[in-house]
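Note sheet for the following structure.
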Protein chains: 2
Amino acid sequence: MGNEDIEWDPYDPNCPSRQLVDRIGDRWTVLVIGVLSDGPARYRDLADRVAGISPKMLSQTLKALERDGLVVRQAFAEVPPRVVYELTEAGQTLRPVLLELERWARKHMPGVLEARERYDASAQG
Amino acid sequence: MGNEDIEWDPYDPNCPSRQLVDRIGDRWTVLVIGVLSDGPARYRDLADRVAGISPKMLSQTLKALERDGLVVRQAFAEVPPRVVYELTEAGQTLRPVLLELERWARKHMPGVLEARERYDASAQG
DNA sequence: CAGCATCCCTCGTGATACTG
DNA sequence: CAGTATCACGAGGGATGCTG
């Protein structure tokens with residue numbers, strides 16, 4: 001576990017790039033972070049905006065994000081209960097990265113989908 | 001994200017951002033693309049550089065990438081066989097995005113891992 | 001409203017062995 | 001070398017119902 005000056009091999013399972021993929025490479029994490037990039041949000045808001053997510057996955061995703069110091073959870077002692085989730089400073093730094101991703105998707109995903117259709121049309125299943 | 005004057009709902013299952021997550025949000029895809037970002041590579045090279053990937057997952061990942069027009073496969077009729085994989089132009093456009101990801105990981109993942117340890121240390125299982 | 005517990009089943013993934 | 005075929009396992013994630 002020593003933090004010596006490692007040589008950088010993104011294809012080594014123990015390198016940060018890989019750890020990041022393991023961290024955000026699931027169906028929901030980046031979507032939840034994306035919503036929180038617009039500002040703090042309540043549990044209900046998140047459930048609504050991340051279309052299709054189940055309560056279980058939302059809780060799970062949020063808890064993992066909190067564990068990793070990317071999101072803070074603030075619960076108010078009220079009735080009915082109110083809980084607000086918010087990106088930490090570290091979490092905020094993900095925003096520009098996600099924006100890049102979004103920009104790419106917007107520009108290139110249609111082409112990808114077309115290529116996929118062409119491929120499927122010309123290939124024998 | 002909110003300051004663009006188009007209707008763009010990244011949290012709708014049918015939006016490009018989401019499609020991108022579905023596309024590259026698996027354990028291997030971004031790693032394979034990462035290797036190919038350094039230039040064309042043979043099957044063997046890829047297997048070596050993406051540590052831990054099985055032949056099956058490598059083939060599968062490559063085929064999916066080819067289907068989506070992000071990678072081209074070039075087979076030479078030789079003995080022994082030689083097959084070279086290469087990013088298409090579309091595939092190349094992913095490079096800067098991936099670099100951003102890598103940059104983020106390098107800078108912030110150590111902190112994330114620390115936060116995680118702190119959390120686990122202070123929480124009761 | 002927020003979110004945990006439980007059941008259950010799909011599907012991604014690894015291991016292994018085989019082919020052109 | 002460059003894959004494919006097959007099996008089998010375990011985690012991911014949905015549905016439902018309950019609690020504070």
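Lettering follows sequence order; numbering is per chain, from 1.
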Checking dG3(D), dC4(C), dA2(C) against the side chain of R44(A) (C-beta onward), the nearest is dA2(C)

Can you tell whether the side chains of R116(A) and D120(A) come within less than 4.0 Å, N to carboxylate O? no

Applying ring pair (Phe, Tyr, Trp, His ring centres under 6.0 Å) to W28(B) and not counting sequence neighbours gives none

Ranking dG3(C), dC4(C), dG3(D) by distance to the side chain of S59(B), first place goes to dG3(D)

Between the CD1 atom in I33(A) and the CG atom in D38(A), the distance rounded to the nearest 0.5 Å is 13.0 Å

B/S/- along nucleotides 13-20 of chain D (protein heavy atoms under 4.0 Å) is BBB----B

### Message
Test your reading of the model: is there a side-chain donor-acceptor pair from Y43(A) to the backbone of P55(A), 3.5 Å cut-off?
### Response
yes

Looking only at dC1(D), dG3(C), dC1(C), the nucleotide nearest the R42(A) side chain is dC1(C)

Taken in chain and number order and not counting sequence neighbours, the residues that satisfy side chain to side chain contact (heavy atoms under 4.5 Å, CB included) with R103(B) are L99(B), E100(B)

**Message:** Please check: side-chain N/O of T88(B) versus main-chain N/O of G69(B), any donor-acceptor pairing under 3.5 Å?
**Reply:** yes

note: R82(B), atom CZ; dA2(D), atom P; distance rounded to Å ~ 9 Å

Whole-Å distance, L46(A) CG to dC1(C) P, equals 14 Å

(Q) Taking any heavy-atom pair under 4.0 Å as a contact, classify F76(B): base, sugar-phosphate, or nothing. (A) nothing

